[in-house]
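Below is one structure; the comments refer to it alone.
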Amino acid sequence: MQNAIAGEVRLTLETLFTPYTIRGVTVPNRFAMAPMQRHKPSDFIPSREHAADYRARVEGGIGLVITQGTTMDHWSTSSAYARLFPPAYDGWKACVEAVREAGGHIFLQLWHEGANREGGFGPSGLTAAGELRGNPFTKDQIEEVTDLYARSAEIAKAIGFSGVELHGAHGHLIDQFFFAGSNKRDDEYGGDLAARMKFGLDVVRRVRSAVGDDYPIGMRISQWKGGVYDIKPCPTPDDLKAFLTPLVAAGIDVFHASARRFWVPEFEGSDLGYAGWVKAMSGIPTIAVGSIGLDTDMQSSFAGQIAKTTGAAGIAELERRFARGDFDLAAIGRAVLVEPDWVNKVRNRLFGDLRSELFTDEIRSTVVTRTYTMPANSA
Ligand SMILES: Cc1cc2nc3c(=O)[nH]c(=O)nc-3n(C[C@H](O)[C@H](O)[C@H](O)COP(=O)(O)O)c2cc1C
């Protein structure tokens with residue numbers, strides 16, 4: 001692993017297994033399952049296998065599941081994965097029940113790809129990498145999509161999800177508005193940071209008014225964008241604060257600070273990672289993510305590099321940062337994807353039992369196309 005851990009590794013893991021409350025929802029410990037696409041049912045309906053997958057992670061020690069990015073029910077969205085639309089409500093309910101029965105909580109990640117897909121719609125039709133792949137939304141369409149988030153959050157609450165996470169990261173729709181490289185609008189939705197944030201802030205305010213004051217709303221955010229890595233749209237702590245403060249005022253309860261490697265210092269002069277700075281600059285609950293327990297980030301992993309476990313030393317680094325208050329929860333992606341009981345192994349200090357290597361094909365194989373359907377009236 002690239003971060004140096006000086007001296008003896010001393011683990012005080014217990015603190016990671018204390019409950020934590022986000023706007024009235026108490027999760028049993030500090031481990032979240034990172035949102036990850038699972039399977040591709042031909043009818044876009046989450047299958048029994050989705051529910052079983054989520055249950056297995058909670059039985060394996062995860063306290064909070066954040067679902068895979070889930071497309072909302074609108075002409076401007078499309079993805080090959082499970083969706084939030086009426087035929088899928090029972091399937092999603094089964095996922096909620098599976099997680100609850102196992103003692104966990106589950107947030108639904110609301111996702112809109114924007115102009116990332118060919119012919120899609122976004123602020124300017126541009127991907128974060130500046131590629132013209134789609135079309136710009138009209139102002140009326142932006143209004144429509146803003147309401148779509150509110151309606152979808154209302155549906156998530158009615159289905160029984162404990163909260164929602166708005167995907168505002170990785171160069172997807174909300175982030176396409178935030179990021180100057182993909183937002184070239186010259187109306188009130190584009191221009192300086194305040195204008196580029198208008199869409200995201202409108203979404204948050206409308207979601208808050210739709211779900212009420214007692215329901216957690218999270219937002220995933222990132223400096224990096226799909227196809228554009230090692231950039232810093234917020235180059236200083238003050239810029240980060242200017243970005244986060246209005247989101248908190250609009251109604252965000254928890255930030256999910258997505259980094260490629262959780263231990264890499266975000267700004268000069270401190271070893272705080274991205275999550276540490278997000279928590280420090282926002283003052284609200286924050287989830288860290290990015291190569292926890294692994295030596296290789298997701299992009300390298302998808303590019304074919306083998307991800308190796310960082311074992312006891314990696315967990316010690318997680319615990320060190322958590323214990324000094326850098327963040328409140330830790331989201332685990334690939335490690336729990338291939339090893340559902342990863343958290344329990346960590347809790348029991350069975351570091352030698354952790355899988356030593358994760359292979360690209362194995363990670364990819366969890367999201368392959370399958371053609372099964374949840375039979376009618378089955379839970
Ligand atoms: C197969 C796979 C699917 C993913 N799908 C999503 C997604 O739907 N939404 C999202 O925000 N991030 C997604 N991610 C990113 C993960 O949530 C996480 O940020 C990333 O894998 C880094 O965590 P890790 O290093 O623990 O794997 C995905 C990652 C993988 C490996």
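In listed order, ligands and their atoms are each counted from 1.
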Residues in side-chain contact (heavy atoms from CB on, under 4.5 Å) with [X], at least two apart?
X      : result
Tyr229 : Trp224, Arg260, Gln299
Gln109 : Pro35, Ile66, Thr67, Glu165, His167, Arg220
Phe44  : Arg83, Phe85

> Using 4.0 Å as the upper bound for N to carboxylate O, is an ion pair formed by Asp326 and Arg324?
Replying inline: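 Yes, Arg324 and Asp326 are salt-bridged.
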Show me a pair-per-line table, with atom names and distances to 0.1 Å, of protein N or O atoms that are under 3.5 Å from an N or O of ligand 1.
from	atom 1	to	atom 2	distance (Å)
ligand 1	5 (N)	Gln37	N	3.2
ligand 1	8 (O)	Gln37	NE2	2.9
ligand 1	8 (O)	Gly69	N	3.0
ligand 1	9 (N)	Gln109	OE1	2.9
ligand 1	11 (O)	Gln109	NE2	3.0
ligand 1	11 (O)	His167	NE2	2.9
ligand 1	11 (O)	Arg220	NH1	2.9
ligand 1	12 (N)	Pro35	O	3.4
ligand 1	12 (N)	Arg220	NH1	3.0
ligand 1	14 (N)	Pro35	O	3.3
ligand 1	17 (O)	Pro35	O	2.7
ligand 1	17 (O)	Arg220	NH1	3.1
ligand 1	17 (O)	Arg220	NH2	3.3
ligand 1	19 (O)	Arg220	NH1	3.2
ligand 1	19 (O)	Arg220	NH2	3.0
ligand 1	25 (O)	Ser291	N	2.6
ligand 1	25 (O)	Arg334	NH2	2.7
ligand 1	26 (O)	Gly333	N	2.8
ligand 1	27 (O)	Arg334	N	2.8
ligand 1	27 (O)	Arg334	NE	2.7

> Going by the angle between their ring planes, with limits at 30° and 60°, are Tyr81 and Trp111 parallel, tilted or perpendicular?
Replying inline: tilted
> Just by modelled atom types, is the Phe359 backbone N or O under 3.5 Å from a matching donor or acceptor in the Glu362 side chain?
Replying inline: yes
